Amino acid sequence: MILNTWVLGLLVGQVTIFIVISFSGFNALRIYLNWNYASSDERQYLLENKTYLVAALMKFAMFVHLFLFALTALALDEIAPMIIGAMCPVGVLASNAYGFPFLYIKMGLVFIFSIWLVLNHLDNKMDNYPLVRLKYLYLILFYPLVIIETILFLLFLFNLDPMVITSCCGTVFSEANSGVTGTMSSISNIIILPTLFGLAVLLLFCRFIIIKKLTNSVVGGIIEAVIWIFFFIFSILSVLSFISIYIYEMPTHRCPFCFLQQEYGFIGFPLYFFLFLATAAGFNRGILELIKWEEKLAITIANFQSKLHKVAIIAMLGFLLTGFLPFVFYYFRTGRLI
Amino acid sequence: MAFRNLLERQRNILDYSLQNLYRRKEKTLFILVIFVLLISVISSILFITGSLTREMLSTVSELPEITVQKIQGGRQTNISATYLSEIESIPGVEAVDPRVWGYFYLESLEANFTIFGFDLDTLEESDYEKLITENPKFASGKESNNIFKMVVGPGVYRLFKKIAMDDTFLFFNPNWGKSIPIDIIGIFKPETELQSVDLMLVQTEAARKILELPTGQYTDLAVYVSNPEEIENIARKIKLHYPELRTITQSQIQSTYSSVFGWRSGLVLSGLLVVIAAYLVLIWDRAGGLSQEERKEIGILKAIGWDTDMILSVKFIEGLILSLMSTILGILLSYIHIYWFDAVGLREVFIGWSTVYPSFKLVPHIDLKYIMLILTIAVVPYCAVSIVPAWKAAITDPDKIIRNGN
Amino acid sequence: MRYSTKLLMMVMVFSVGISVILIDVMLRTEQFNTSGALKHRFQQIVSIPDLGITTAARYLRHYSLSDSTTPFQDYPVSREHFPAGFVYAPPDYSNLSGRISLNPLSKR
Amino acid sequence: MLTTDKVTKIYNQNLPNQVVAVKDASIKVDEGEVVVLQGPSGSGKTTLLSMIGCQTKPNRGEVIINENRVSKLPDRFLNTFKRENIGFIFQNYQLIPDINVIDNIMLPMLPSGIPYKERIVRAEALMRQFDLMKRRTFDVKNLSGGEQQRVAIARAMINQGKIILADEPTAHLDTKLTGEFLEMISDLKKHQYTVVISSHDNEIINHAVVTKIYTMKDGQVVS
């Protein structure tokens, strides 16, 4: 199964990311160990130069990571016909034990990268490198996750067995299935949609009205981050149980990847772009509360946070719009629900 | 810095990268040519296999639901008529069409033809207009005997024309004693060439004679099942009752279609990956690594106030422009090569030594994911490789320039 | 004249090229769809699968119907057709009684 | 305005070929002054000049320009500061040979993203001032020594930085061109520029426009 063009393409992409991040992880370790801002000897100057390298590598890795995420979804659709019983990418993911864990880690890594990039952006704004130790320690800490992701991906691709009979998204997400995906969609629409909109409204106004004082404190920040995580989970649920039905106009087809395809007008790309952007921005806005140590740092963080908040809200509205437009069109066209 | 300045700064970076590429023409051309060739080979593979797969999958729904073959000693042999009634009696089977077909090897032209037995009288009038053109030799009303007649594919007709047998073809086989003349009453239209290039649709009785198929025996059985859900169970039932029979369901043929090229084109691609890796190493030292003159230039830039980020982006944008331009050029080149020149060089890989082959008029099959795949295989590693040299260049110390001042 | 404007012009030229290609793709796909009915009818008449890309050997002409031993000794006169054989993968044997696995022996 | 406080620069620190280029040098330059660092070659005046020009960081001591502790700034901010405040004229001009004159002059403005039109206007004003207009689209490698130096000076002034540093500006010039150079310097002095020149050319040292002279010997400031 390895010698398929799509599998090879994914392997090349994933190995490139892995090498790029290990290289930056290695440098991060060196920087973290002997960084002392006071001394101005030759080594310190070299380390300052190395920060540019790590920043460039990580930006590149983040972009390729997202690019590969989209390509994986599309490539799995190409591989699907070769695996009996798999009509869509979800079927391929379900065809061996490593599919879904890999997917979850990959989604998690998108946010972990975004946190690092935000830290790096803030650190560059300040002139005394306040966050250097923190961001490189953080990079070293989440580096093992990248190793796990790569291993899982390799195992997943190596164990893709054309002879395995797998189940497709119709069954994977149906209530009967016992796995995580089953329970995910077993919460019927009545619960998912109101909670989603409730969270959206809460996030919209939490900044201004309800807990104005609270959001500027550390506790407020954490709460907001947690709310964003729930928002993300519930929007994935709403995609599975509600939005996808109206894109495909078929009750059984709930695959969250298929509407990235050409025949559905690539609606998946704007939808996921807005979702990930909103969650990343909102989540980071909350997390940044934790690192408001120095007074000068707090100011730069504060105005960066307001930028983040604007982006998060606009992206969230973008997501809700692109998500529920098909439903509106369908409803007007046919005058009934599926 | 206001947003407008930031925008202008990006445009300056783009300006300066392009100027660099333009100034170092030979290095740029060297990379561009290799990159374009590499990408056009990769995209040619994707285009050909994509188009052929799409062509195949377009008609798979018309195939019989189950094909039944008799296997003896691992090889397919003729199936006897006794199975016919037994399979027809299985509930859910709509009809069983016993088929007579095989191959005929013509020594003189070293060509293999597919012979398919079919009752030509059942062809409706519409088939004759849309599907088959009359054979000019026969349009003149020459009475063709009712059994020994056939419709041939365009490739077959072309060959027969060469040996001046384009009205009746003499099938000859040493152990028959005498040859069998078959009249060619029609030729399949070129649109169906990919399917019909080597086909001879012969009257069934004549086909039996040519293929020397004893009576009461068929090549295989085509089983038509009305309810698609039933296909798997009927196939399983046939296998249980008759272990010596082999059943091929329509979905199996479909998964064969979609993976028939996947396997080998992957093999070709992995060979290419080695070439790409070697190419990247070449880039790393020759192009990525900087000549003395470039290093001095960057020293000057840093000395007059350029910051490291800017130099890093200039170098990175250089790599990006180069790889994106060669990707677009490569894809355009391979598209023209495959769809306008009918893949003149690459189709031999698919055709091999056969003398009868189609003219490879393929339908283009382009999808965004193809472009993304090509980008991942070619551009992503290239840009990854060009980051570290770019960084090495960007941190050259301006002081060195001032001190040694050469 | 700035280099980025030169780049803009080159991008224009490229996009003209790409739009020519896209129009060509549409024309050919259109033609493919019109001839679709024809091909369907042909497939109904001739109910054997596979395109006639190569006719060099039986296991290459009808690879989805050929059995597992055909490639090895099909017909005394037909030569070993390595060039085309290289391209075609074996058919899907998943429903044969004995499990024929063409990738390394699986644990099961 | 511009002070160095016991600045030391050691090359190849604690390695066998360690060289102490500058040791505990402290100088003070006020607004609008023309200062000359004189001393035999190899006395560390070029290194001191490049430290003042933020081209390299001292191992010990500090360089303070307009109340910014320049030697402590991280590289990102140092470059921006250097771009906006300091114009550096190198010993061998250090222009990019295969780029034309106007592009060379405009180079320092690219990172700050100044609009294209404004860049052209500024560059042409300086070119008229140093009458380089007729050499506008010539590649720099085809220019004479004197013209190249004028291009180098124009490039140093393009960012309107108030501090101009020159390292052995007259090393390759004949007396006539040196005279022209000194006129330029006095013209700069009128426009409140601060100029620091490192040179051992007596003509410059004894010139009227010079307000202060530091002599350097083996990396130390003598007077």
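Note on naming: letters A, B, ... go to the chains in the order of the sequence lines (proteins, then strands), and numbering restarts at 1 for each one. All values reported here derive from a predicted model rather than from experimental measurement.
Only the side chain of Thr114(B) comes within less than 4.5 Å of a heavy atom in chain C; its backbone stays farther off. For Leu52(B), the parts lying near chain C are the backbone and the side chain together; criterion is any non-hydrogen pair under 4.5 Å. With a 4.5 Å cut-off on non-hydrogen atoms, Tyr16(B) does not touch chain C at all. Of the atoms belonging to Tyr335(B), it is side-chain heavy atoms, and not backbone ones, that fall under 4.5 Å from chain C. With a threshold of 4.5 angstrom between heavy atoms, Gln69(B) approaches chain C through side-chain atoms but not through N, CA, C or O. For Val197(B), the part sitting under 4.5 Å from any heavy atom of chain C is the side chain, from C-beta outward, and nothing else. With a threshold of 4.5 angstrom between heavy atoms, Thr59(B) approaches chain C through its backbone and through its side chain. For Leu131(B), the parts lying near chain C are the backbone and the side chain together; criterion is any non-hydrogen pair under 4.5 Å. The part of Ser61(B) that comes within reach of chain C is its side chain, from C-beta onward, which places non-hydrogen atoms under 4.5 angstrom from that chain. In this structure, the portion of Ser35(C) lying under 4.5 Å from any heavy atom of chain B is its side chain and not its backbone. With a 4.5 angstrom heavy-atom cutoff, Ser58(B) touches chain C via backbone and side-chain atoms both.
Looking at heavy atoms from C-beta onward, His62(C) lies in side-chain contact with Tyr103(B) at the 4.5 angstrom threshold. Side-chain contact between Met56(B) and Ile53(C) is absent, with no heavy atoms from C-beta onward closer than 4.5 Å.
A 6.0 Å sphere centred on OH of Tyr22(B) holds no more than 12 heavy atoms belonging to other residues, nucleotides or ligands.
Across Pro64(B), Gly155(B), Gly102(B), the residue that shares the most heavy-atom pairs under 4.5 angstrom with chain C is Pro64(B). Counting heavy-atom pairs under 4.5 Å between each of Val46(C), Ile45(C), Ile18(C) and chain B puts Ile45(C) at the top. With respect to chain C, the highest number of heavy-atom pairs below 4.5 Å among Leu63(B), Thr192(B), Asn12(B), Thr49(B) belongs to Leu63(B). Taking Gln31(C), Gln44(C), Arg61(C) one by one and counting their heavy-atom pairs under 4.5 Å with chain B, the maximum is reached by Arg61(C). Note: Ser47(C) leads Ser47(C), Gly36(C), Ala37(C) in heavy-atom pairs under 4.5 Å with chain B. Taking chain B as the reference chain and counting heavy-atom pairs below 4.5 Å, the highest number among Leu65(C), Val11(C), Thr5(C), Leu7(C) is found for Leu65(C). Between chain C and the residues Arg99(B), Glu191(B), Lys130(B), the largest count of heavy-atom pairs under 4.5 Å involves Arg99(B). Ranking Arg236(B), Glu232(B), Met325(B), His365(B) against chain C, the residue ahead of the rest is Met325(B), based on heavy-atom pairs under 4.5 Å. The most heavy-atom pairs under 4.5 Å with chain C, out of Leu332(B), Ile328(B), Thr256(B), come from Thr256(B). Heavy-atom pairs under 4.5 Å with chain C peak, among Arg11(B), Gln76(B), Gln19(B), at Arg11(B).
Arg28(C) contributes a side-chain N or O that, together with a main-chain N or O of Tyr339(B), makes up a donor-acceptor pair within less than 3.5 Å. Distance alone, capped at 3.5 Å, is enough to place a donor-acceptor pair between the Tyr257(B) side chain and the Asp50(C) backbone.
Between atom CZ of residue Phe42(C) and atom CG of residue Leu194(B) there is a gap of 10.5 Å, rounded to the nearest 0.5 Å. Within the model, atoms OG of Ser64(C) and CD of Gln250(B) stand 11.5 Å from one another, a figure rounded to the nearest 0.5 Å. Distance check: Thr55(C) OG1 to Tyr357(B) OH gives 10.0 Å after rounding to the nearest 0.5 Å.
Across Leu14(B) and Ser4(C), no two heavy atoms sit closer than the pair CD2-CB, 4.1 Å.
A salt bridge links Lys39(C) with Glu55(B): the distance from a Lys NZ or Arg NE/NH1/NH2 to an Asp or Glu carboxylate oxygen falls below 4.0 Å.
For the ring pair (Phe, Tyr, Trp, His ring centres under 6.0 Å) test, no residue two or more places apart in sequence or in another chain qualifies with Phe14(C). Taking Thr77(B) as the reference, Gln72(B) meet the side chain to side chain donor-acceptor pair (under 3.5 Å) condition, with sequence neighbours excluded.
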